[in-house]
Amino acid sequence: MTEELKPGQKFPTPTPGMGDRVFYETLLRQRPDSEMAQEWCIAYGVLEDEEAAKLFKTIAKRKKSGKSSGSTPTPVKKKSSAGGSKKKKTKIIDDVGYDAGMQSGGAEGIGVAAL
């Protein structure tokens, strides 16, 4: 029994209750411009045929032109050359001497019923 694949589909369509499917469908509904959600929904064929074809064309154009959110470099913050900034020293508390009272005592509380 072979299932006809939708435009851009690479993997079998997951069941409606699968966690990944619920996440990506919800993300696409809430943020239709999410490239991550668009690509996942197309690759797994969870969209209707018409919507999948339209979105697949959009993704193909984006990949062909190289415009994706991951392809643009993140601006790097330049450090000031002035020696005015100092690093804050963090105080480390030695907790070796502290007892939180969380020891487990053998069979204490395991299978012991109140008599």
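Keep in mind that what you see is a predicted model, and the values were worked out from it rather than measured.
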**Item:** Co-membership, hydrophobic cluster, residues Leu47 and Val22, 4.5 Å side-chain
**Value:**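 Different hydrophobic clusters.
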**Request:** Could you tell me the separation between the CZ atom of Arg29 and the OH atom of Tyr24, rounded to the nearest 0.5 Å?
**Result:**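 It comes to 15.0 Å.
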**Prompt:** CD/Gln38 to CD1/Ile59 distance, rounded to the nearest 0.5 angstrom?
**Reply:**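 One finds 5.5 Å between CD of Gln38 and CD1 of Ile59.
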**Request:** For the pair Lys6 and Thr13, evaluate side-chain contact (heavy atoms from CB on, under 4.5 Å) and give the outcome as yes or no after the intermediate values.
**Result:** CA-CA 10 Å; Lys6 295 179 182 177; Thr13 305; 5.7 Å; no
**Request:** I would like to know whether Met18 and Thr15 meet side-chain contact (heavy atoms from CB on, under 4.5 Å); could you show each step before the answer?
**Result:** CA-CA 6 Å; Met18 184 184 163; Thr15 59; 4.0 Å; yes
**Message:** Evaluate Gln30 against Ser34 for side-chain hydrogen bond (donor to acceptor under 3.5 Å, both in side chains), listing each step before the verdict.
**Reply:** CA-CA 9 Å; Gln30 292 175 353; Ser34 169; over 6 Å; no
**Message:** Once salt bridge (Lys or Arg N to Asp or Glu O under 4.0 Å) is applied, what residue pairs with a partner in residues 40-54 remain, sequence neighbours excluded?
**Reply:**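 Checked against salt bridge (Lys or Arg N to Asp or Glu O under 4.0 Å) - neighbours excluded - no pair reaches residues 40-54.
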**Request:** Kindly determine whether Lys57 and Arg62 satisfy side-chain contact (heavy atoms from CB on, under 4.5 Å), including the steps that lead there.
**Result:** CA-CA 9 Å; Lys57 287 179 184 177; Arg62 184 173 59 229; over 6 Å; no
**Request:** For Ile42 and Gln9, run side-chain contact (heavy atoms from CB on, under 4.5 Å): C-alpha distance rounded to whole Å, both residues' side-chain angles, the deciding distance at 0.1 Å, then the answer.
**Result:** CA-CA 6 Å; Ile42 290 298; Gln9 184 174 352; over 6 Å; no
**Message:** For a quick test of reading the model, state the closest non-hydrogen atom pair linking Arg21 to Pro14 and the distance between them.
**Reply:**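 For Arg21 versus Pro14, the nearest heavy atoms are NH1-O, 2.6 Å.
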**Request:** Please identify each residue that fulfils ring pair (Phe, Tyr, Trp, His ring centres under 6.0 Å) with Tyr44, with sequence neighbours left out.
**Result:**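 With sequence neighbours excluded, Tyr44 shows a ring pair (Phe, Tyr, Trp, His ring centres under 6.0 Å) to Phe11, Trp40, given in chain and number order.
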